Undergrad: 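My questions will all concern the structure given below.
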2 protein chains.
Amino acid sequence: MGSVGAPVSRRRAGRPPRGLLSRDLITDAALALIASQGYEGLTMSALAQRLRVAPSALYNHAESKQEVLRWVEDEVMAKVDFSAFAAAPWDEAVRSWAWSYRGVFAAHAPLISVIAILPVTGAPETLAMYEAVTKGFLDAGWPADRIIPAIVALESFIFGSAFDVAAPEDIFESGSLGPDYPLFTAAVRLRGGSQADSADAAFTVGLEALITGLKAQVAG
Amino acid sequence: MGSVGAPVSRRRAGRPPRGLLSRDLITDAALALIASQGYEGLTMSALAQRLRVAPSALYNHAESKQEVLRWVEDEVMAKVDFSAFAAAPWDEAVRSWAWSYRGVFAAHAPLISVIAILPVTGAPETLAMYEAVTKGFLDAGWPADRIIPAIVALESFIFGSAFDVAAPEDIFESGSLGPDYPLFTAAVRLRGGSQADSADAAFTVGLEALITGLKAQVAG
DNA sequence: CCTAATAAATGAATGGCATTCATTTTGTGG
DNA sequence: CCACAAAATGAATGCCATTCATTTATTAGG
């Protein structure tokens with residue numbers, strides 16, 4: 001081994017004695033990369049470099065970058081806390097789950113456009129969440145045929161709201177055009193606090209409205 | 001294809017007698033390209049080809065592809081119908097606007113991640129919509145400081161739902177893992193009709209819940 | 001224990017992409 | 001009329017995901 005100081009001791013071609021890669025190693029490296037460089041930094045080259053491997057080696061384990069993204073997705077989904085559905089009353093459980101869900105995906109916004117149209121097949125963490133949520137609805141007396149639409153509606157709101165968290169401070173600044181839109185401009189001025197606060201406020205408003213409205217639908 | 005005559009009569013270098021490009025021409029070509037090839041097909045090369053111009057020529061008019069996307073965005077936003085806010089009662093106006101909004105963006109899902117965090121500065125069509133919506137809320141007796149959060153909440157739901165429209169038929173198919181998640185699998189089976197129908201059903205459920213819930217908040 | 005098949009690595013392409021730049025030509029303002 | 005700005009071409013550039021031939025090691029079968 002490296003007597004020479006070994007700048008980056010090259011590995012010669014050929015299968016190494018013990019495997020250097022696996023789905024888990026790749027997924028972990030991808031998550032670390034995303035955490036430090038964001039989704040822009042997630043390239044197959046960067047991933048390979050972090051794993052001290054040639055980029056082409058990744059393709060012995062993953063079919064494509066899309067597949068790596070799918071692995072990341074399921075791992076991220078596992079961070080969503082749905083435990084409240086096992087214990088708390090329905091509205092409290094929905095509230096707790098939704099806030100956790102939004103928080104997790106606010107840090108992974110680029111995944112949303114992928115995840116929202118990705119079949120859950122082969123994503124056990126995702127399925128575990130849906131199972132627990134479904135059970136929570138059933139236990140609260142929901143008719144089975146109303147559950148999936150309600151979950152989808154909540155998820156849609158959560159995904160949309162996750163984008164909002166990343167919005168810049170001046171998202172509603174109309175600039176020089178302001179005077180042409182006086183009512184809107186005035187309403188925007190009434191927002192207090194930071195963008196994070198505004199996003200939280202909008203999320204609260206929407207989530208509480210959904211909870212109220214859904215409850216009313218199922219009661220009626 | 002046709003005869004061999006004049007394959008693509010090359011234009012020689014140098015400024016042409018009359019300009020071949022403009023913001024409007026580029027935007028229209030981009031929209032046409034998106035309509036026929038989707039967002040994958042929207043490349044600077046393809047755009048240039050459609051405009052019968054070299055790719056580098058585009059950069060005399062647009063700073064980047066991102067800028068072209070911003071032009072497209074405002075054009076797309078202009079298709080959203082918010083006219084109901086001028087005449088109809090509040091809930092009917094919200095309903096009409098939201099359905100139109102979702103419909104427009106279902107065909108432009110890749111724009112959502114851009115638009116959701118893009119300042120409205122310099123986007124007159126977008127501002128016009130916000131102004132009309134704000135006026136509709138005010139006319140319905142909403143307190144000014146509650147309007148923006150409510151609009152943001154509705155928009156979040158609309159954006160999230162627009163993704164859902166493009167979801168594949170088998171999005172909730174758990175495959176071989178099915179038996180491990182019996183409640184969820186059973187609930188999914190109760191969905192009738194196509195994915196489009198399911199998406200519509202979820203949108204109806206969520207939108208009506210939001211309308212009910214928001215009305216309750218402002219009344220209370 | 002040998003051997004054939006398979007798995008997993010390297011490194012050198014490939015082709016597509018957005019973008020830049022030198023160059024050429026033309027329109028325009030002083 | 002002339003200098004400069006504007007708008008085109010075409011040839012790079014560099015990054016990216018992905019493929020392929022090649023090499024080496026492990027493993028399964030006889």
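First the proteins, then the strands, lettered A, B, ... as listed; each starts at 1. Note that the structure is a prediction, hence the values are computed from the model and not measured.
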Undergrad: Picking from B/Ile26, B/Leu20, B/Leu25, what satisfies side chain to side chain contact (heavy atoms under 4.5 Å, CB included) with B/His61?
TA: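 Of the listed residues B/Ile26, B/Leu20, B/Leu25, the side chain to side chain contact (heavy atoms under 4.5 Å, CB included) partner of B/His61 is B/Ile26.
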Undergrad: Whole angstroms only, please: what is the CD-P distance between B/Gln66 and C/dC17?
TA: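 Going from B/Gln66 (CD) to C/dC17 (P), I get 17 Å.
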Undergrad: Rounded to the Å, how far apart are B/Arg23 CZ and D/dA6 C1'?
TA: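 Checked: the CZ to C1' distance equals 19 Å.
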Undergrad: Distance-only, no hydrogens or angles: does the A/Ser161 side chain make a donor-acceptor pair with backbone N or O of A/Phe157 under 3.5 Å?
TA: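 Yes; judged by distance alone, with no hydrogens or angles, the pair exists.
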Undergrad: Expressed in angstrom and rounded to an integer, what is the separation of A/Glu40 atom CD from C/dA18 atom C1'?
TA: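 Computing the A/Glu40:CD to C/dA18:C1' distance gives 15 Å.
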Undergrad: B/Leu20 has a side chain; which of C/dT10, D/dT18, D/dA8 sits nearest to it?
TA: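 Among the listed nucleotides, the one closest to the side chain of B/Leu20 is D/dA8.
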Undergrad: To the nearest Å, how far apart are B/Gln49 CD and D/dT9 C1'?
TA: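 The answer, rounded to whole Å, is 15 Å.
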Undergrad: For the aromatic rings, using the six-membered ring if either is Trp, is the centroid distance between A/Phe159 and A/Phe105 under 6.0 Å?
TA: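 Yes - the distance between ring centres of A/Phe159 and A/Phe105 falls below the 6.0 Å cut-off.
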Undergrad: Would you classify B/Arg18 as touching base, sugar-phosphate or nothing, given that sugar-phosphate means primed atoms plus P, OP1 and OP2, and contacts are heavy atoms under 4.0 Å?
TA: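 Nothing, no nucleic acid heavy atom in range.
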Undergrad: Think B/Arg102 forms a cation-pi with B/Phe203, using NZ or CZ under 6.0 Å from the six-ring centre and within 45 degrees of its axis?
TA: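 Yes - B/Arg102 lies over the ring of B/Phe203, closer than 6.0 Å to its centre and within 45° of its axis.
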Undergrad: Could you check whether the side chain of B/Asn60 and the base of D/dA8 have a donor-acceptor pair of N or O atoms closer than 3.5 Å, going by distance alone?
TA: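 It does, because a donor-acceptor pair links the side chain of B/Asn60 to the base of D/dA8 below 3.5 Å.
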Undergrad: Which one, D/dT9, C/dA18, D/dA17, comes nearest to the side chain of B/Lys65?
TA: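 Side chain of B/Lys65 sits closest to C/dA18.
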Undergrad: Picking from C/dT10, D/dA25, D/dT18, which would you name as closest to the side chain of A/Ala54?
TA: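 Nearest nucleotide to the side chain: C/dT10.
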Undergrad: Rounded to the Å, how far apart are B/Glu67 CD and C/dA18 P?
TA: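 Checked: the CD to P distance equals 15 Å.
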Undergrad: Please answer whether the main-chain N or O of A/Met77 pairs with a side-chain N or O of A/Glu125 as donor and acceptor at a distance below 3.5 Å.
TA: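 No: the side chain of A/Glu125 does not pair with the backbone of A/Met77.
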Undergrad: Between P on D/dA21 and OH on A/Tyr59, what's the gap in Å once rounded to a whole number?
TA: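 These atoms are roughly 17 Å apart.
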Undergrad: Within this structure, what is the CE-to-C1' distance between B/Met44 and D/dA8, rounded to whole angstrom?
TA: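 Whole-Å distance recorded here is 15 Å.
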Undergrad: Nearest heavy atom decides the nucleotide; on that basis, is B/Pro16 or B/Ser45 closer to the 5' end of DNA chain C?
TA: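 First, find each residue's nearest nucleotide; the 5'-ward one identifies B/Ser45.
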Undergrad: Would you mind telling me which of C/dA8, D/dT9, C/dT19 lies closest to the side-chain atoms of A/His61?
TA: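 In terms of side-chain proximity for A/His61, the closest of C/dA8, D/dT9, C/dT19 is C/dA8.
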Undergrad: Could you tell me how far apart B/Leu58 (CG) and C/dC21 (P) are, to the nearest whole angstrom?
TA: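 Rounded to the whole Å, the gap is 17 Å.
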Undergrad: Nearest-nucleotide wise, let me know which of B/Arg15 and B/Ser56 is further upstream toward the 5' end of DNA chain D.
TA: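 Going by which nucleotide is closer to the 5' end, it is B/Arg15.
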